[in-house]
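This report refers to the structure that appears directly beneath it.
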There are 2 protein chains.
Amino acid sequence: MRMTARGAATRLRLVSGAALLMREQGAAETNLDQVLRATATSKSQLFHYFPDGRAGLLVAVSAYEAEQVMEAQRPYVDDLSTPESWRAWRRAVLRHYAELGERCPLGVLTSELGSSSPEARQVVSDLYDRWEGALIAGVQALIVHGTARSDLPVRDTARSILTAVQGGVVMLRATGRLSYLETTLDTTLEPLLGTP
Amino acid sequence: MRMTARGAATRLRLVSGAALLMREQGAAETNLDQVLRATATSKSQLFHYFPDGRAGLLVAVSAYEAEQVMEAQRPYVDDLSTPESWRAWRRAVLRHYAELGERCPLGVLTSELGSSSPEARQVVSDLYDRWEGALIAGVQALIVHGTARSDLPVRDTARSILTAVQGGVVMLRATGRLSYLETTLDTTLEPLLGTP
DNA sequence: TGAGCACTGGACCGTGGCGTCCAGTCCCGC
DNA sequence: GCGGGACTGGACGCCACGGTCCAGTGCTCA
């Protein structure tokens, strides 16, 4: 689809506006009219940019939110080669979820958007792959660096960390408490960084 | 509401039937007509037992599924006083999720039902409290038993285990792989049971 | 500058799905 | 065995919400 700068801006306004609404009140509770009102657009514009309607919008929101999840961990997640960068990463993650609380992109991605369509599911699963890849590289680097024991199972360790974040976010959404994420992250990172 | 045996059976048929449908296809994708067809009941029966309609049914399903989550861990979760019972508990949990896969009560509880209404949210949060309580008692017992170090933070350890299960289930639902749960559970239980 | 297509506005439509109503049946307690 | 309330059946109403249509407007590029 050819698009002018103005068109691209409208499209982005729709996606980011929809994403925000869905974070705050859930995807299922967000209807198209709300999105249109919040973004000052009309129905025909929405269907112009998303011929598949709501379904297409959900996929775009998924991709947008997946990007936000990675963005929140930058720049650290891109280079987890030292204990310092791991610690900085941990701080960044905790800060992000402390700020957003239950209204985080990851929460709505895993619990709602991911199961809305095969395409959205693919987006979520791609996110996990990228994320796991970054963590694997980081664990590997710490072994080379000598901080972590060389017999550490690299992939399993990375997956544990990913799982810890997921679990922490679920509990955050359910209880409003950040402590689950903090504690579990500490436990899981211990073999990598030692007791802080 | 007064109820005869027959009425109670009808009510239970509605709740358990709805729960099954919602596990398999999600709560949002399950409408009342499907529930009625699956349970061989009629709309007036449903509204007879659930005057609040769909909302009330969702709360009842939440309570039912919360009970299923605990039931799946029985009898071990009620007495985690020895390393053997902890190991048996771990096996029971893994077997349960290996069997049900993505169609587990916990998954639909956390991702859909829990946010459907304040009442349902309360049910979910009560479940977590009960669960955490059982784990705390178990960790405490292992310390008394001498298996676990006495300086282990009891509540934090219990919460880590709970978070590990949650994270593992999220990843199971997203990827279909049980390994996340297995690995993370091992890591988290290590300070309690040592390397198996 | 003007032709054509991207872009916009908003009225309109169909329907899936929740909830209501009422008439009839069955069972429990006296 | 009989009165009343628990229980059942299914037709009906209503409306929120996703999606369509078409008539304009204004940018872009030759």
Side-chain angles (χ1 to χ4, degrees), chain A residues 1-22 24-62 108 112-113 115-120, chain B residues 1-22 24-62 108 112-113 115-120:
Chain A
M1 170 185 290
R2 256 185 75 192
M3 222 180 336
T4 66
R6 190 177 173 193
T10 302
R11 198 197 127 102
L12 179 63
R13 209 165 68 243
L14 278 166
V15 174
S16 61
L20 206 62
L21 279 172
M22 289 176 184
E24 289 182 351
Q25 55 182 32
E29 286 69 39
T30 303
N31 61 40
L32 296 188
D33 285 340
Q34 290 174 311
V35 173
L36 300 181
R37 237 177 294 133
T39 58
T41 44
S42 71
K43 205 161 254 192
S44 63
Q45 293 178 66
L46 194 152
F47 280 84
H48 180 71
Y49 296 109
F50 302 100
D52 294 339
R54 181 184 168 83
L57 179 63
L58 284 179
V59 174
V61 169
S62 301
V108 66
E112 298 201 76
L113 295 174
S115 50
S116 70
S117 72
E119 290 85 351
Chain B
M1 170 184 292
R2 258 184 73 192
M3 221 179 340
T4 66
R6 189 175 172 194
T10 303
R11 198 196 127 102
L12 179 63
R13 210 166 67 242
L14 277 165
V15 175
S16 61
L20 205 63
L21 279 172
M22 289 176 184
E24 288 184 350
Q25 56 183 32
E29 285 70 37
T30 303
N31 61 41
L32 296 189
D33 285 341
Q34 291 175 311
V35 174
L36 300 181
R37 236 176 294 133
T39 58
T41 45
S42 72
K43 203 161 257 189
S44 64
Q45 294 180 63
L46 194 153
F47 279 84
H48 180 70
Y49 295 109
F50 303 99
D52 294 340
R54 181 184 169 84
L57 180 63
L58 284 180
V59 173
V61 168
S62 302
V108 67
E112 297 201 77
L113 295 174
S115 50
S116 70
S117 74
E119 290 85 351

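Order of the sequence lines fixes the chain letters, A, B, ..., with proteins taken first and strands second; residue numbering starts at 1 for each chain. Computed over heavy atoms, backbone and side chain alike; hydrogens, waters and symmetry mates excluded.
- The stretch residues 35-42 of chain A touches DNA chain C through S42(A), each having a heavy atom under 4.0 angstrom from the strand.
- In terms of the side-chain contact (heavy atoms from CB on, under 4.5 Å) criterion, residue partners of S44(B) (sequence neighbours excluded) are, by chain and number, S42(B).
- Of the listed nucleotides (dG9(D), dG9(C), dC7(C)), dC7(C) has the atom at the smallest distance from the side chain of H48(A).
- Although no hydrogens or angles enter the test, the distance criterion places a donor-acceptor pair under 3.5 Å between the side chain of Q34(B) and the main chain of N31(B).
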Donor-acceptor contacts under 3.5 Å from residues 50-60 of chain A side chains, at least two apart:
residue: R54(A); atom: NH1; partner: T30(A); partner atom: O; Å: 2.8
residue: R54(A); atom: NH2; partner: A27(A); partner atom: O; Å: 3.2

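- When the side chain to side chain donor-acceptor pair (under 3.5 Å) test is applied to T41(A), the partners found at least two apart in sequence or on another chain are T39(A).
- Under the salt bridge (charged side-chain N to carboxylate O under 4.0 Å, His left out) criterion, E29(A) pairs with no residue, sequence neighbours left out.
- A distance-only check finds a donor-acceptor pair linking the side chain of E112(B) to the backbone of A28(B) [under 3.5 Å].
- When rounded to the nearest whole Å, the span between CD of Q34(B) and P of dG16(C) equals 13 Å.
- Atoms CZ (R11(A)) and P (dT8(C)) sit 13 Å apart, rounded to a whole Å.
- Between the CD atom of Q45(B) and the C1' atom of dG10(D) there is a distance of 11 Å, rounded to whole Å.
- Atom OG1 in T10(B) sits 4.5 Å away from atom OH in Y49(B) (nearest 0.5 Å).
- Axis deviation across the helix from dT1(C)-dA30(D) to dC30(C)-dG1(D) amounts to 30°, comparing end segments of five pairs, rounded to 10 degrees.
- Remark: Y49(B) is not in phosphate contact with dA6(D), judged by side-chain N or O atoms under 4.0 Å from OP1 or OP2.
- For residues 37-49 of chain A, the set of pairs meeting the salt bridge (charged side-chain N to carboxylate O under 4.0 Å, His left out) definition, not counting sequence neighbours, comprises D33(A)-K43(A).
- With sequence neighbours excluded, no residue forms a side chain to side chain donor-acceptor pair (under 3.5 Å) with S16(A).
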Scan nucleotides 15-17 of chain D against the protein and return all N/O pairs shorter than 3.5 Å with their distances rounded to 0.1 Å.
residue: dC17(D); atom: OP2; partner: N31(A); partner atom: ND2; Å: 3.2

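- The two residues M22(B) and V61(B) come nearest to each other via the heavy atoms SD-CG1, 4.1 Å.
- Atom CG in L20(A) sits 5.0 Å away from atom CD in E24(A) (nearest 0.5 Å).
- The CZ atom of F47(B) sits 16 Å away from the P atom of dG9(D) (whole-angstrom rounding).
- Atoms CZ (F50(A)) and P (dA6(C)) sit 17 Å apart, rounded to a whole Å.
- Of the candidates dG10(D), dT8(C), dT8(D), dT8(C) carries the atom nearest the T10(A) side chain, counting heavy atoms from C-beta on.
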